[in-house]
2 protein chains.
Amino acid sequence: MNTKQSFGEYIRKLREGQNLPIRKVASKLDIDPSTLGKIERGERSANKEMIPILATLFGIEEKNLGLILFSDKVAYQIIGEENTNEILKVAEKKIQYLKNLNLKQGKINFKN
Amino acid sequence: MNTKQSFGEYIRKLREGQNLPIRKVASKLDIDPSTLGKIERGERSANKEMIPILATLFGIEEKNLGLILFSDKVAYQIIGEENTNEILKVAEKKIQYLKNLNLKQGKINFKN
DNA sequence: TATTTTCAGGACAATAATTGTCCAAATTTA
DNA sequence: TAAATTTGGACAATTATTGTCCTGAAAATA
């Protein structure tokens, strides 16, 4: 897992590796070429529905592509803070706690 | 740091610990009592401007309160995914990379 | 118990953020 | 040079978020 690339950079390299124009990939995704261009440049976010399509197209694991997308989202959300590592650590524990809670009980109530 | 509490639960306990009605704290925050109630119940998000006010009011560290708020946000964003730990780990590396990059260069370009 | 205070939660409007398109200009490729 | 591709701004549409108001329930207090 290369952590030095954003989702956009990543899929751009994949696309260029196959010598595909934006136009064609965008058509597979059923979006405007301009939108895909923006996604590749990080000016728009990809959405989850695009993951399986791109994964199939480029022959990579859906799971990994999703990982790159979501880690980008998380990074983007807190990059402006000072104590990013602490935030992530506490978030991890919170998630563990909540998932565990969820096994025993029913729903999730989490919004902040 | 108690990771078993959301931001809302946390400030609710603080508030109740001082026997303050929602109304009064809400007034300090300059918001409707109903809004604070929702924040405490996790139906609304707190915003950053509230942090210093609440920290002062309850005599706690701004930094810690911010930590609770942001870790909540991160947790909430990815709680629905399977591989949350991996996501956090990759996000951490990405942030390190970006921060380091930022020291050398200028701005941030990150949005996904 | 009656009154008052507090709190919960739905409905709503206002605002903000996100998403995607269209188009024209710039760049790249053939 | 001509054609194809890509960039990026302006824009509209959609969606998400924020906070208020209000009513009724619950809790506290007299």
Side-chain angles (χ1 to χ4, degrees), chain A residues 6-54 57 66 69-70 72-81 106-112, chain B residues 6-54 57 66 69-70 72-81 106-112:
Chain A
S6 67
F7 183 87
E9 292 167 342
Y10 186 66
I11 62 168
R12 169 156 290 188
K13 290 217 171 129
L14 287 171
R15 179 178 63 78
E16 290 175 341
Q18 300 205 14
N19 262 59
L20 290 168
I22 286 185
R23 176 177 53 79
K24 288 209 173 179
V25 177
S27 139
K28 294 268 185 190
L29 293 170
D30 197 28
I31 57 174
D32 193 275
S34 175
T35 301
L36 180 55
K38 287 181 174 72
I39 289 172
E40 290 188 346
R41 281 173 277 127
E43 293 170 16
R44 287 287 187 285
S45 175
N47 62 48
K48 281 178 88 170
E49 297 78 60
M50 298 174 181
I51 298 294
I53 299 169
L54 293 170
L57 187 57
L69 177 60
F70 276 93
D72 261 29
K73 284 182 189 285
V74 169
Y76 177 66
Q77 187 178 42
I78 64 173
I79 187 88
E81 304 303 310
K107 283 187 182 174
I108 296 174
N109 175 11
F110 208 74
K111 166 141 191 189
N112 269 296
Chain B
S6 68
F7 183 86
E9 291 167 342
Y10 186 65
I11 62 167
R12 169 155 290 188
K13 290 219 171 125
L14 287 171
R15 180 178 63 77
E16 289 174 342
Q18 299 206 14
N19 262 59
L20 291 168
I22 285 184
R23 175 177 53 81
K24 288 209 171 178
V25 176
S27 140
K28 295 268 186 190
L29 294 169
D30 197 28
I31 57 174
D32 193 276
S34 176
T35 301
L36 180 55
K38 287 182 174 69
I39 290 172
E40 289 188 347
R41 280 174 277 128
E43 292 169 16
R44 287 287 187 286
S45 175
N47 62 48
K48 280 178 90 170
E49 297 79 60
M50 298 174 182
I51 298 293
I53 299 169
L54 292 170
L57 187 57
L69 178 59
F70 275 93
D72 261 30
K73 284 183 190 285
V74 169
Y76 177 67
Q77 188 178 41
I78 64 173
I79 188 86
E81 304 303 310
K107 282 188 184 175
I108 296 174
N109 176 10
F110 209 74
K111 166 142 192 189
N112 270 295

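Computed from heavy atoms alone, side chains included, the values below leave out hydrogens, waters and symmetry copies.
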From [atom1] of [X] over to [atom2] of [N], roughly how many Å is that when rounded to an integer?
X       : N      : atom1 : atom2 : answer
B:Glu16 : D:dA27 : CD    : C1'   : 12 Å
A:Leu69 : C:dT19 : CG    : P     : 10 Å
A:Asn19 : C:dA30 : CG    : C1'   : 13 Å
B:Asp72 : D:dT17 : CG    : P     : 15 Å
B:Ile39 : D:dT17 : CD1   : P     : 14 Å
B:Ile22 : C:dT5  : CD1   : C1'   : 12 Å
A:Leu36 : C:dC22 : CG    : C1'   : 16 Å
B:Glu43 : C:dG9  : CD    : P     : 6 Å

From D:dT7, C:dG20, C:dT6, pick the nucleotide closest to the side chain of B:Pro21?
C:dT6
Please tell me which of the listed nucleotides, D:dT18, C:dG20, C:dG9, lies nearest to the side chain of B:Ser45?
D:dT18
Contact summary for [X] and [Y], nearest pair of heavy atoms:
X       : Y       : answer
B:Ala26 : B:Pro33 : CB-CA, 3.6 Å
A:Lys48 : A:Phe70 : CD-CZ, 3.8 Å
B:Pro52 : B:Glu49 : CD-O, 3.4 Å

Residues which pass side chain to side chain contact (heavy atoms under 4.5 Å, CB included) with B:Ile51, listed by chain and number, not counting sequence neighbours:
B:Phe7, B:Glu62, B:Leu65, B:Leu69
Looking at [N], I'd like to know if its phosphate oxygens (OP1 or OP2) sit under 4.0 Å from a side-chain N or O belonging to [X].
X       : N      : answer
B:Asn47 : D:dG19 : yes
B:Arg23 : C:dT5  : no
B:Arg12 : C:dA8  : yes

Treating [X] as the side-chain partner and [Y] as the backbone partner, does any N or O pair qualify as donor plus acceptor under 3.5 Å?
X       : Y       : result
A:Glu81 : A:Ile78 : no
A:Arg41 : A:Gly37 : yes
B:Arg15 : B:Leu20 : yes

Under the criterion side-chain contact (heavy atoms from CB on, under 4.5 Å), I'd like the reasoning laid out for A:Arg12 against A:Ile39: C-alpha separation, chi angles, the key distance, then a yes or no.
CA-CA 9 Å; A:Arg12 169 156 290 188; A:Ile39 289 172; over 6 Å; no
Please enumerate all protein N or O atoms sitting under 3.5 Å from an N or O of nucleotides 10-14 of chain D, with distances to 0.1 Å.
none

In Å, rounded to the nearest 0.5 Å, how long is the span from CG of A:Asp32 to NZ of A:Lys38?
7.5 Å
For DNA chain D, which residues in residues 25-35 of chain B have a heavy atom at a distance below 4.0 Å?
B:Ile31, B:Asp32, B:Ser34, B:Thr35
